[in-house]
Amino acid sequence: MREIHLHNTLGNKLEVFTAQQSGCVKMYTCGPTVYDYAHIGNFRTFVFQDILRRFLKLRGYQLDHVMNLTDVDDRIIANAAAAGVSIREYTEKYAQAFFDDCKTLSIEAPEHWIRATDHIAEMVALIERLQQKTFTYPSEGSIYYRIAKFPTYGQLSNIDVAGIQAGARVDNDRYEKESARDFALWKAPKPGEHFWETAIGKGRPGWHIECSAMAMKYLGETLDIHTGGIDLAFPHHENEIAQSEGATGKPFVRYWLHAEHLLVEGEKMSKSLGNFFTLRDLFGKGYKPSTLRFALASVPYRKQLNFTFDGLQSAASSVERLRNFAARLAQGKFPAGRNALLAGRIAEATDEFDAGLADDLNTARALAAVFDLVREVNIAMDKGEFREAEVVPVQEFLAVFDRVFAVMEDNDGEKLRALGFGGDSGPSDAEIEKLIAEREAARKRRDFTTADRVRKELAERGILLEDSRDGSVRWKRK
Ligand SMILES: [Zn+2]
């Protein structure tokens, strides 16, 4: 099997991937901060890490993958206090929405879904370890990390820390590159804010210590892979390294993988520009989950993704083409025998699909292999040159594709209904099958009035029927 190459942000180069423990990948993904609905820029990163974990599984690795919910940070504390509710109450709605959104986009659940607020004790213990090694100092009830004590600080994001004044501090969880400073591990409570009573005093954790403590609790002191959006490389991941390696003296992460930004119609997404979208905004406009997943997955993760409505249309037709192709394969009647030329092409496409993904998850290359084969097989079918013996190999190829891309199942309607979209959203699959059977029965007894009425009724409820040449009937939701 060919080697998997991944781009490591640490060192900024492609490296051959190996797991520390043969066959098992220890991976951590910074999850969402649950103070609002996640937007499509966030989901670009989550779809990327899903493609990564699905490809590793396809290659036979077992995943030990942790994803956290940041349910305590500056914004959550402020919003919960303003709303007069507890942190858990405030974040519950957004946490649930995030789980539902992931499911809708066919993002696999990681082996561990964890919340920051369930791991305060681990964070306190890690801060104590850093205190013992004199990486910290107290100030006004808060505890800060002394970056001057960690000489390789800045290595991941390549920021220049030479000009930074020792002892200059920053209190915000999120800050600009220019303000690289000693950062808060533990924050003293402000009046009216929620706090925890702990061995290191009253207060609450900073955002960065959360991920270090949780990652090491579940995955050990050295992880194989850590993923996130590129905007997390500094300060968040830089600080995770400083904290974890300061405490353990061991490398924290072997491969750092970061997904690039997403633009909308060529511009940075922002609420003020009116181009800010959550998944639900787009479902409300009638786009399907499979369309969004395909659009987010189709651009290799290290390229900026320009999200456009034209792009969504073409993603929708790509998924449609694949599903129609699968239906044609399943329902068509082909002459017996083999087509040796095509059998060779199926093997080549399978290999090229793997080569694309092994090339730092080059999804565009992997998809090109799929669509090239689909086109060739369709042409062969049109010419009557496709043979029965190739049906199963092509289906197996599509199944491999779908273990990674997960768009073939025609379940968009169900997923949208589960999220409350589509109102009276049309008949169930079973109801559709029943009506199609009724129509078939009517046609057999040459009762074309009834057959037409059923077809019309289905069309009005958003179901399109397609009679294929071999007499079978396919259907799809509009
Ligand atoms: Zn994190």
Side-chain angles (χ1 to χ4, degrees), residues 8-10 26-36 38-39 41-46 48-50 52-53 64-77 87 91 94-95 98 102 107 110-120 122-124 126-127 130 145 153 155-157 159 170 172-175 177 180 183-187 204-248 251-261 301:
N8 195 344
T9 311
L10 186 65
K26 295 186 176 298
M27 175 158 130
Y28 186 86
T29 299
C30 290
T33 302
V34 281
Y35 74 109
D36 202 347
H39 56 67
N42 302 134
F43 280 107
R44 198 251 162 127
T45 304
F46 297 128
F48 140 65
Q49 62 80 36
D50 187 59
L52 173 62
R53 60 168 280 142
D64 192 6
H65 182 197
V66 176
M67 206 158 154
N68 73 301
L69 290 178
T70 295
D71 61 351
V72 48
D73 92 329
D74 292 344
R75 292 170 293 187
I76 289 169
I77 292 268
I87 290 177
T91 55
Y94 299 114
F98 184 72
C102 283
I107 293 172
E111 283 61 37
H112 308 275
W113 255 131
I114 56 173
R115 286 168 189 265
T117 50
D118 290 334
H119 297 83
I120 302 294
E122 286 81 359
M123 297 167 201
V124 168
L126 183 57
I127 295 170
L130 288 166
Y145 186 97
Y153 189 88
Q155 213 180 22
L156 180 73
S157 56
I159 58 154
V170 60
N172 295 337
D173 283 334
R174 288 153 211 264
Y175 47 91
K177 261 191 180 190
F183 57 92
L185 297 165
W186 187 255
K187 300 185 181 200
R204 60 176 174 104
W207 172 37
H208 315 298
I209 198 74
E210 297 176 7
C211 285
S212 284
M214 291 187 284
M216 291 198 291
K217 171 177 178 175
Y218 292 92
L219 302 173
E221 294 181 344
T222 302
L223 286 49
D224 289 311
I225 301 178
H226 193 314
T227 70
I230 190 66
D231 54 324
L232 296 188
F234 181 84
H236 186 52
H237 293 160
E238 204 72 74
N239 293 352
E240 281 187 37
I241 293 173
Q243 296 162 153
S244 306
E245 299 191 358
T248 69
F252 175 47
V253 170
R254 299 170 62 238
Y255 302 89
W256 283 95
L257 270 59
H258 290 103
E260 261 300 332
H261 287 291
Y301 75 99

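Positions are given from 1, in the same order as the sequence printed here. First listed ligand is number 1; within each ligand, the first listed atom is number 1.
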Flag the pair Gln243 / Phe252 as yes when at least one side-chain heavy-atom distance between them is below 4.5 Å, and no otherwise.
-> no
How would you list, by chain and number, every residue that makes a side-chain hydrogen bond (donor to acceptor under 3.5 Å, both in side chains) with Thr33, sequence neighbours excluded?
-> Arg174
Thinking salt bridges, do Lys187 and Asp73 make one under a 4.0 Å N-O criterion?
-> no
Charged N to carboxylate O under 4.0 angstrom, Arg254 versus Asp224?
-> yes
With no hydrogens and no angle check, do the side chains of Glu238 and Ser157 hold a donor and an acceptor under 3.5 Å apart?
-> yes
When you check the side-chain N and O atoms of Glu221 and Thr248, is any donor under 3.5 Å from an acceptor?
-> no
Distance filter < 2.8 Å from the Zn ion (ligand 1), protein N/O/S hits 3
